[in-house]
Amino acid sequence: MDRQHLEKQHSHITAERTSSTMSQSPRISSHILESMKDVSCGKAPQTAAHRDKPMHPTTIFLCKSKSSQAALVPQEQKVFLEKAYNAAICFKMLRDLNGSDPVRLKYIVKKIKNMAHKAPNLVLEAIHDYFVDSPKISDRHRFRLLHVLEAVIEAIDSLEGSWEETFMQLALENMTKSTELEDAYQDAASNVLVAICRHSWRAVAQHLETEVLTGVFPHRSFLYVMGTLTSKQELFNQEEKTGWEEQLTKIAAQSAQFLSVDVWSKELLWALTKPDRTHQEQPPEKAFLFVFYGLVLQAEENSTTVRTHLRTLLGTSHQWPKQREGLALTMGLTAVRHLDHVWAVLEQFGRSTPIKWSLHSFSPKGRTSEDLQWKWASSTILLAYGQMAAKAKSHILPWVDNILSRMVFFFRYSSWDETLKQSFLTSILMLVGAVSRNRGAHSYEFFQIGELLECLVVLMEKEPTDALCTSTRQQTIHIISSLCKLRPPLDVEKKSRLLSVCLRSVLALPLLDVLEKHTCLFLEPPNVQTLYQQTSEALDQMLQTFIMQNPTADELQFLLSHLHVWLASEKAHERQRAVNSCVGLLKFLSDNLYLDPKEDLKRIGQLMGMLGILCQDPDKYTQHRSLEALGHVYQLIMRHRESSQVPELVPQQLSQASKDGALLWSSGDQKASLPTPQEVVFPKDPVFQLGSHQVIKEVSKHLTLAELTDLVSTAVEGLGSSSPFRVQAATNMLLAVIQEHGAKLETAANLGRAIHLQLSSVRIPQARRDALHTITLLARNHAPELVAAFLDFSMPMDSRTFQLWRALGAEQHVSRLVLATLLAWLQERPLPVGTSRSGPPPQDRTCRHSLAAMNTLHKLQYAQEFKRTVLEAYPQLLLALLSQVHYVLELHLPTEPQPDQQAQEPGAPSPQSISLGALKSLLSTTGHWRDFAHLELQGAWDLFTTMDTYPQGVGLLARAMVQSPCGQIKAVALRLLPSLQSSEQRERKVAILILNEFLYSPTLLEVLSEQDALSVLAQSLRDPSPEVQVLSLQGLRNILFHPEKGRLLRGQLPPFLSGFFQNSEPVVVRVMGAVSDVLHRLGAHGAGAQSLAVAINARAFFDDERDGIRAASMALFGDLVAAMAGKEPSSLRTQVHQSMVPLLLHLKDPCPAVVTQAKFAFYRCSMLLRWRLPHTLFCTLAWEKGLCARHFLWSSLMTQSQEEFSIHLSQALSYLHSHHHHIKTWAALFIGYTGCFHTQATSQTVTDSDLKLLFCTFENLRKDLEPGIRESATRLSGFFQELAARRK
């Protein structure tokens, strides 16, 4: 190509187009014009003269005539300007490649490649011009330009001949250039040449041939290009690949003459033994050199020269894996024409002293690096034998036994490590592959196969049982599969051992998650999932090979007998893997008629039973595969039982097996030919379309009654299995059977008992859920029977029994039935004859069922499945449980377990505690915590523990419902009328007690009118029970029926208040109690204006020295607050505010009764004041203790009563004089908290004398036994010292 001529022509065209464009478009911005000065639009670069022309910075000289300018149409202007603009942009991006920002550089390369797709010539011209115009750019910039050029050439669809020659010359010039970037720069230039090969490889090959055949050992860059062309398959199509291989063989043949040239040979050997940058990867030029060397030796005619070079090559280091592979490849390529000489050299090398030393005496301690080069020489020999077999092809068969014997020798006597193992397997795979591809292999018997199989068994047994990091298993199984096709055939014993070892090595591996954990510390962890999948596929192919070699029912039974061990394994993943292998084998037999249809299938029923369980696998893929296997077994059975109905078979050669890797030739005796495999065309069996439940149902239709019975028995027994998967499968089978036949079962109760017995051994959560779901399904039709059965083991109730009950009520409509049945059993309350207070629990079954129903109701209140049902049935449950508490009291059962019971059931609660616990939980779990709080804070639950105080407890509960007020009053009132008509006295008693308190609620009148309520009470006067009669009389005295009583009762209050000042403590306590009773009897009428006097007088006795009076006054104050709630005057609210600090401090009162009443009164006051977080406040008062509880109560008081701050502080200061240590302590801490958070207000309120008293108090508290108090006292003492100092 005449470069100068093209440059001139390009320059002329560029100037013309540019000047014409500029005359038509003078508005082009100056920065675009500046960029255009450095960009050309032709196909060759400008000359230096043209580049040096002076140009105006903002314009371009016009070289075209005006007539020519007039001929340029606007559309051409637009096209030209667009090209000019793109050229300028491209030129600027090439210049920006000299930057250092990697993100920016990546972006630039991407933009240039995108531009090359649209305008390849423009980009190529810009790159070429940049090289020509910028000869002094840095090597690193030039290196990046070469990379960009490579990417552009690869990206474009075609490369014009002129550019091909230009850039080929550019690449050749830079390939051998020495720069600071060393090999990387040369590789970048070489890659440009490789990219050109995509468009015209023959021209590049001609250049390479010329360089290689000069007689001088070629530069590494040329070897790099040749290696890349050889290794990258995607560069060529099949025709081009063949042409390149022929060209390479020709070059190698012509290079054989240089083997006798000493300098050339030495440089070759030096290049082959030169250390690599990394020993894990080999540069392309070195990898190619091994191939090239082998081809050259292959073409060499002189055997002496060949042996000399091979011996010299084997005398180099064998330390690195890539080096060993390269040496072996060279040996194999040489063996194509010189098999005898390669064998002789390897034999001689294998008997040399270094090899003998490496086999017997290797020890890494004290060895030099020179010694290490021989450590893995035996690995090289093994690989060389494999390469010999792979390259020699048809000539290798007579040598197979000799090669195998040498491989077995080096395997057995070499130092065992991963390198030797991989080399051994690789070489065997190459050998077996070569034999397999040889059509004449069937005429040979290979007597070393038995020895080789023993080595493979040893290798498999040495594989780690808990790791899968390599493809060793997969390769070994592939080898075994191929060897089993060779003659002579294996005997049964050896085949059994092979099969057992392979199955154990693969199926017994841990779960994939566990296997992946073993590789987490690897620098390059393998893909364990893919690795296992490939290994499993190899195992399946081996099983198919066995049945292909011996297609009999006995062989199938032989294979299945080895799989049965794993199908029945205790480990879930082993069963899963085994069934997967079983599926592969059965599908293979189902798709291809290898077995004679007239031959009986042995023990197929056992397999079908196992698959019937395994098709319930929770994993969807495994489930699908198990169902598919069951379908194939089903087809085989039907085919054998109904052979006359089998459709006509369509023969078809087993081509698919070849595609999957199975070999088409047989290694058996050719005189007894195998039956031709045939592919069956069956109508699609519906069984393949069914789900796991349906397939069990469908298959069960074809089983006899005995087999179906066995299926159910197996499922029930499977629940108690130690195998997790069998448990899961058994539960799923139960589900399938019960879904189909649950309504017809007559032994639901026995089945429920059996599931209960086995449930304790079910450890898998999903299996447990499925087993419980079985109960749910049974309950749809057999809920009463199941309830009766479960009550037998529900007193006491363990966790598995509780789960059964939850499953029983999992469906809402069933849970209602279950609850109704439990209530019915609860109401079966016979009184055993001869019960005593110290006697054992009653043995009567009905009585035990009543107590068990009580315990069950207690537990089910916490079950999510019964939440809604319990809430709906709250009125019935409330009355039933109150009656049950009474019933338990009637039984006179011991409140504590007897000694013999303690030994059997430690910690088992008594029936009395259970009945009371059921009542408590009913209130707390249904949202009626306010009712619960009233009884809990008063300590009123103890009233339910004796028959004498029981009525008082029921009354307080009903009173709490009225005062809360409870939203269930109306619903409960509706249930009272039927209860009053009950035949049981205890139910009528409970009903009348509740009714008496409900008379104070306005809600009652929404259910019963005043007259109706009066009638009900009047009828109760005729009740057979005197107790009910008395309670009815009490109800008839209610103010509801006698409104005039309000005035009379309020008139009694002043005399009662004056009685507070009596000297007798019992008298004062009784008087205060009477006032509380009056307030209660007034009900909605209230105390009116006298409430203030009652409040003032009650508060006056909060700090009385007498414990009983303090407790009574607080109780009275709380009753007053409750009675006046919603209608209290402002003066009463002031009294409530002023009572909070005394009540709070009296929570530390030494008298327990005072503490109880202080808590209850404090809670009632907070409810009247509508404090936030009432439930948290209740929990804190009821159960919390310590500084945290004290701090919460203090913060609640101070944040919600800030207006009374000074009053609260003054009250607390007054309690510093208390003679009760705990009250005084709490007052001091209260003041301390207040001072810390309200410093200014505290400073204004506290006097100097108060400070002295505080110092003294805190000094004493610093010696307190409680560490928290000591710490707080120390901190607060320091605070008040600072406060005192600031005052001074």
- Before giving the answer on ring pair (Phe, Tyr, Trp, His ring centres under 6.0 Å), spell out for His886 and Phe944 the whole-Å C-alpha distance, their side-chain angles and the decisive distance to 0.1 Å. CA-CA 8 Å; His886 193 283; Phe944 290 93; over 10 Å; no

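Counting non-hydrogen atoms of neighbouring residues, nucleotides and ligands closer than 6.0 angstrom, the CD atom of Gln864 reaches no more than 12 such neighbours.
A distance-only check finds a donor-acceptor pair linking the side chain of His934 to the backbone of Arg930 [under 3.5 Å].
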N/O donor-acceptor pairs under 3.5 Å from side chains in residues 961-980, not counting sequence neighbours:
residue, atom, partner, partner atom, Å
Gln963, OE1, Arg1164, NH2, 3.1
Ser964, OG, Asp931, OD1, 2.6
Ser964, OG, Ala960, O, 2.5
Ser979, OG, Arg975, O, 3.1

List, one per line, each side-chain donor-acceptor pair under 3.5 Å for residues 1096-1108, sequence neighbours excluded.
residue, atom, partner, partner atom, Å
Asn1097, ND2, Ala1093, O, 2.6
Arg1099, NH1, Gln1135, OE1, 2.9
Arg1099, NH2, Gln1138, O, 3.4
Asp1103, OD1, His1146, NE2, 2.6
Asp1103, OD1, Tyr1215, OH, 2.5
Asp1103, OD2, Tyr1215, OH, 2.7
Asp1104, OD1, Arg1106, N, 2.8
Asp1104, OD1, Arg1106, NE, 2.9
Asp1104, OD2, Arg1106, NH2, 3.2
Glu1105, OE1, His1219, NE2, 2.9
Arg1106, NH1, Asn1063, O, 3.1
Asp1107, OD1, Arg1110, NH1, 3.2
Asp1107, OD1, Arg1110, NH2, 2.6

Donor-acceptor pairs are to be reported for all side-chain atoms of residues 990-997 against protein atoms at under 3.5 Å, with residues two or more places apart or in another chain.
residue, atom, partner, partner atom, Å
Asn996, ND2, Ile992, O, 3.4
Asn996, ND2, Leu1031, O, 2.8
Glu997, OE1, Arg959, NE, 3.4
Glu997, OE1, His1080, NE2, 3.3
Glu997, OE2, Arg959, NH2, 3.4

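Evaluation of the side-chain contact (heavy atoms from CB on, under 4.5 Å) rule for Tyr862 yields His858, Ser921, Thr925 as partners, not counting sequence neighbours. The ring-ring contact (aromatic ring centres under 6.0 Å, His included) search around Tyr1163 returns none, not counting sequence neighbours. Listed by chain and residue number, nothing satisfies the ring-ring contact (aromatic ring centres under 6.0 Å, His included) test with Phe866 (two or more places apart in sequence, or in another chain). Scored by the ring-ring contact (aromatic ring centres under 6.0 Å, His included) test, Trp929 finds His1175 as partners (sequence neighbours excluded). Remark: Gln1090 pairs with Arg1050, Leu1053, Pro1054 by the side-chain contact (heavy atoms from CB on, under 4.5 Å) rule, at least two apart or across chains. Residues forming a side-chain contact (heavy atoms from CB on, under 4.5 Å) with Ala1153 (at least two apart in sequence, or on another chain): Ala1111, Cys1151. Contacts of Arg1081 classified as side-chain contact (heavy atoms from CB on, under 4.5 Å), with partners at least two apart in sequence or in another chain: Tyr1000, Arg1037, Leu1049, Asp1077.
Atom CD1 in Ile1109 sits 12.0 Å away from atom CE in Met1114 (nearest 0.5 Å). Rounded to the nearest 0.5 angstrom, Met797 CE and Phe802 CZ are separated by 7.5 Å. Remark: Leu1181 CG to Ser1166 OG distance equals 7.0 Å, nearest 0.5 Å.
Between Phe932 and Trp941, the ring planes are tilted. Angles from 30° to 60° get that label.
Listed by first and then second residue, the salt bridge (Lys or Arg N to Asp or Glu O under 4.0 Å) pairs involving residues 946-958 amount to none (not counting sequence neighbours). The salt bridge (Lys or Arg N to Asp or Glu O under 4.0 Å) analysis of residues 860-873, with sequence neighbours excluded, yields the pairs Arg806-Glu865, Arg816-Glu872, Arg868-Glu872.
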